[in-house]
Amino acid sequence: MLSSVGRAAIRRLVSTSSITASRRIAVSWPATYTVRYGRVFVQGFASAGRPKASTTTKATTKTSKTGKSTKSTKATKGTTKASAGKGRKKSTTTTAKKTTKAKSKTSASPKAKGRRIKRKREPLSPEKKLVVQRRELKKTAMFEEPKNLPDTPWTVYIFEQTKNKTVLPENLRNRMKEISELYKNLSASERQRLANAAEQNKLSNAAAYTAWVESHTPEETVAANKARYLLKRKFQYPASPHVVKLIRDHRIPKRPVTPYSLFTRARWASGDFAGRPFGEAAKAIGKEWLKLPDIERHAYDDLGKAARTEYEKEVEAVLHRKPSPRRITSKPPSEE
DNA sequence: CCGGACGATAATTGTTCGGT
DNA sequence: ACCGAACAATTATCGTCCGG
């Protein structure tokens, strides 16, 4: 049982040895989605992320800065049309298209016969295959998310103060300091105005995002997230933000809670661990769980089963597929 | 990629199990 | 076979806004 400490240590090792934490994939939800978010980690870099006070901090900070502005700029362009819900079918199947193209080409050159085409498709080196795969993944990844309006008082203020106003790069630093000073000295009513504007923007951001998500099918967003995940893992794409934002589709069923999760929830709710350090409490809860009498444990197992059943129903209804076969519920350690 | 302020969130612990 | 998401509370850190 070196588990806890040992595992954490290993994780830390992995994180430091793996060139910053930049491989983690994470999701960033719009503000209104207070729902729990999902975290997806790249294989082999599990928990490699957010370094605390360790030496990795600086490195991470430096590398992670890259390209955030780039991305936001791109996103800005897409803002307006985003909510309109443009491309309904981002067909995830490209085979049909290909066939069509091939046909038209054949007819274009009368001399070309069936045999010629055969010869053509033979090459396709491994490198090319990768290129093709990458292109397909990019297509299905749905990268054209709507851009957000500034949604905090501070960013709204920056927006107002700098938008469409020429600032030389060498003056940017001073300008920012000025704006900061101005911001600090704002009147209460002025702050309120900014807060209101931010709140308003937050609402329209959420609406735009939802509209965009719903302009695709749940299956499409699931495929898109898979594509994003693969792109990051196999192709390090996009290179700039080390965190990949997955599409948050409220229609996609959440994974069912496990019996242990339910137990954790109940133990925290009991108040027995109020004020105690998170890690310490988690360890204690884990021990409690392993010692839990069968009768009590079965209660959580039953709740877990119900959650699973509910999940199965949702998956079938929303994603039109069967969920993975149910695992044999593991038995408590204290078998008779 | 710079600057400052601040809302959002990943990491932390433990176990179980869905997904690939 | 193995990764990560499910739950909890807290907090350090990240991303965000602008222009050139």
Side-chain angles (χ1 to χ4, degrees), chain A residues 3-5 7-8 11 15 21 24 26-31 34 36-53 57 60-61 64-73 76 148-181 183-184 198 202 226 241-243 245 254-269 273-290 300-301 304 307-308 311 315 323-330:
Chain A
S3 51
S4 64
V5 177
R7 238 166 36 186
R11 267 184 231 146
S15 78
R24 199 201 313 107
V27 194
S28 156
W29 312 119
T34 44
R36 197 141 295 284
Y37 54 84
R39 299 196 312 232
V40 178
F41 299 94
V42 173
Q43 282 187 354
F45 293 92
S47 302
R50 202 168 292 248
K52 260 198 165 169
T57 310
T60 310
T61 316
S64 66
K65 275 191 178 178
T66 335
K68 62 178 146 178
S69 56
T70 319
K71 191 194 53 189
S72 52
T73 319
T76 313
N148 284 342
L149 269 41
D151 65 353
T152 71
W154 167 252
T155 52
V156 169
Y157 194 62
I158 300 237
F159 187 94
E160 291 178 354
Q161 294 298 316
T162 55
K163 181 80 172 176
N164 297 327
K165 284 172 188 160
T166 311
V167 179
L168 266 40
E170 58 264 34
N171 296 335
L172 185 59
R173 170 177 293 194
N174 286 334
R175 183 71 192 118
M176 211 55 176
K177 284 196 167 133
E178 284 171 21
I179 296 175
S180 168
E181 274 312 303
Y183 183 82
K184 281 176 190 163
K202 221 180 268 186
K226 270 182 204 160
H242 73 285
V243 173
K245 291 182 180 176
K254 263 204 308 184
R255 301 179 80 182
V257 285
T258 66
Y260 180 69
S261 288
L262 290 161
F263 180 70
T264 305
R265 183 195 291 169
R267 291 305 289 125
W268 275 105
F273 298 98
R276 286 180 60 188
F278 179 83
E280 187 190 304
K283 281 177 193 163
I285 292 173
K287 268 186 189 162
E288 280 187 21
W289 172 253
L290 293 176
Y300 291 102
D301 285 344
R308 162 72 196 195
Y311 175 73
V315 166
S324 296
R326 188 189 291 238
R327 290 270 170 88
I328 307 105
T329 333
S330 65

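Chain A is the first sequence line, chain B the second, and so forth, proteins listed ahead of strands; every chain is numbered from 1.
Closest approach to the A:S324 side chain among C:dC7, B:dT20, C:dC17 is made by B:dT20 (side chain taken as heavy atoms from C-beta onward). Listed nucleotides: B:dG18, C:dC18, B:dT16. Nearest to the side chain of A:I158: C:dC18. Among the nucleotides B:dT16, C:dT16, B:dG18, the one closest to any side-chain atom of A:K245 is C:dT16. You'll find that the side chain of A:P259 is closest to B:dC17, out of C:dC18, B:dG19, B:dC17. Counting only heavy atoms from C-beta on, A:T264 has its side chain closest to C:dA8 among C:dC17, C:dA8, B:dT15.
Rounded to whole Å, atom C1' of C:dT16 lies 13 Å from atom CZ of A:F159. A:R255 has its CZ atom 9 Å from the P atom of B:dT20, to the nearest Å. Atom pair A:N171:CG and B:dC2:P shows a separation of 17 Å (rounding to whole Å applied). The CD atom of A:Q161 sits 22 Å away from the P atom of C:dT16 (whole-angstrom rounding). For the pair A:R308 CZ and C:dA6 P, the computed distance is 14 Å after rounding to whole Å. Between A:W289 atom CH2 and C:dC7 atom C1' the separation is 12 Å, expressed in whole Å. A:L149 places its CG atom 14 Å from the C1' atom of C:dC18, with the value rounded to the nearest Å. A:Y157 places its OH atom 14 Å from the C1' atom of C:dC17, with the value rounded to the nearest Å.
Between C:dC7 and A:K254, a contact under 4.0 Å exists linking OP1 or OP2 to a side-chain N or O. Checking the phosphate oxygens (OP1, OP2) of B:dG3, a side-chain nitrogen or oxygen of A:R173 falls inside 4.0 Å. At the phosphate of B:dT20, OP1 or OP2 sits under 4.0 Å from a side-chain N or O atom of A:K226. A close approach under 4.0 Å does occur between a side-chain nitrogen or oxygen of A:K202 and OP1 or OP2 of B:dA8. Contact check, A:K163 against C:dC17: no side-chain N or O comes under 4.0 Å of OP1 or OP2. Proximity of A:T258 to the phosphate of B:dC17: no side-chain N or O atom is located under 4.0 Å from OP1 or OP2.
The pair A:R175-A:E178 meets the salt-bridge criterion, since a charged nitrogen lies less than 4.0 angstrom from a carboxylate oxygen.
Applying the ring-ring contact (aromatic ring centres under 6.0 Å, His included) rule to A:F263 yields the partners A:W289, A:Y300; only residues at least two apart in sequence or on another chain are considered. Residues passing the side chain to side chain donor-acceptor pair (under 3.5 Å) test with A:R255: none are found, sequence neighbours excluded.
Taking the 5.5 Å centre cut-off and the 30° plane limit, the aromatic side chain of A:F278 is classed as stacked on C:dA9.
Along DNA chain C, the nucleotide nearest A:T155 and the nucleotide nearest A:V167 are compared for position; the residue whose nucleotide lies closer to the 5' end is A:T155. Mapped onto DNA chain B by nearest heavy atom, A:T162 and A:E280 fall at different nucleotides, with A:T162 at the one closer to the 5' end. Both A:N164 and A:R265 lie close to DNA chain C; mapped to their nearest nucleotides by heavy-atom distance, the more 5′-ward contact belongs to A:R265.
Residues A:V156 and A:P150 share a closest heavy-atom pair of CG2-O, 3.5 Å.
Among the protein residues, A:T152 comes within range of the sugar-phosphate backbone only, with heavy atoms under 4.0 Å from sugar or phosphate atoms but none that close to a base. Residue-level contact check: A:Y183 touches the backbone only, with heavy atoms under 4.0 Å from sugar-phosphate atoms and none from bases. If you check every strand for non-hydrogen atoms under 4.0 Å, A:P277 touches nothing.
A:S180 places no side-chain N or O within donor-acceptor distance of the main-chain N or O of A:M176, the cut-off being under 3.5 Å.
A:S261 and A:T264 form no side-chain donor-acceptor contact under 3.5 Å, judged by distance and modelled atom types alone.
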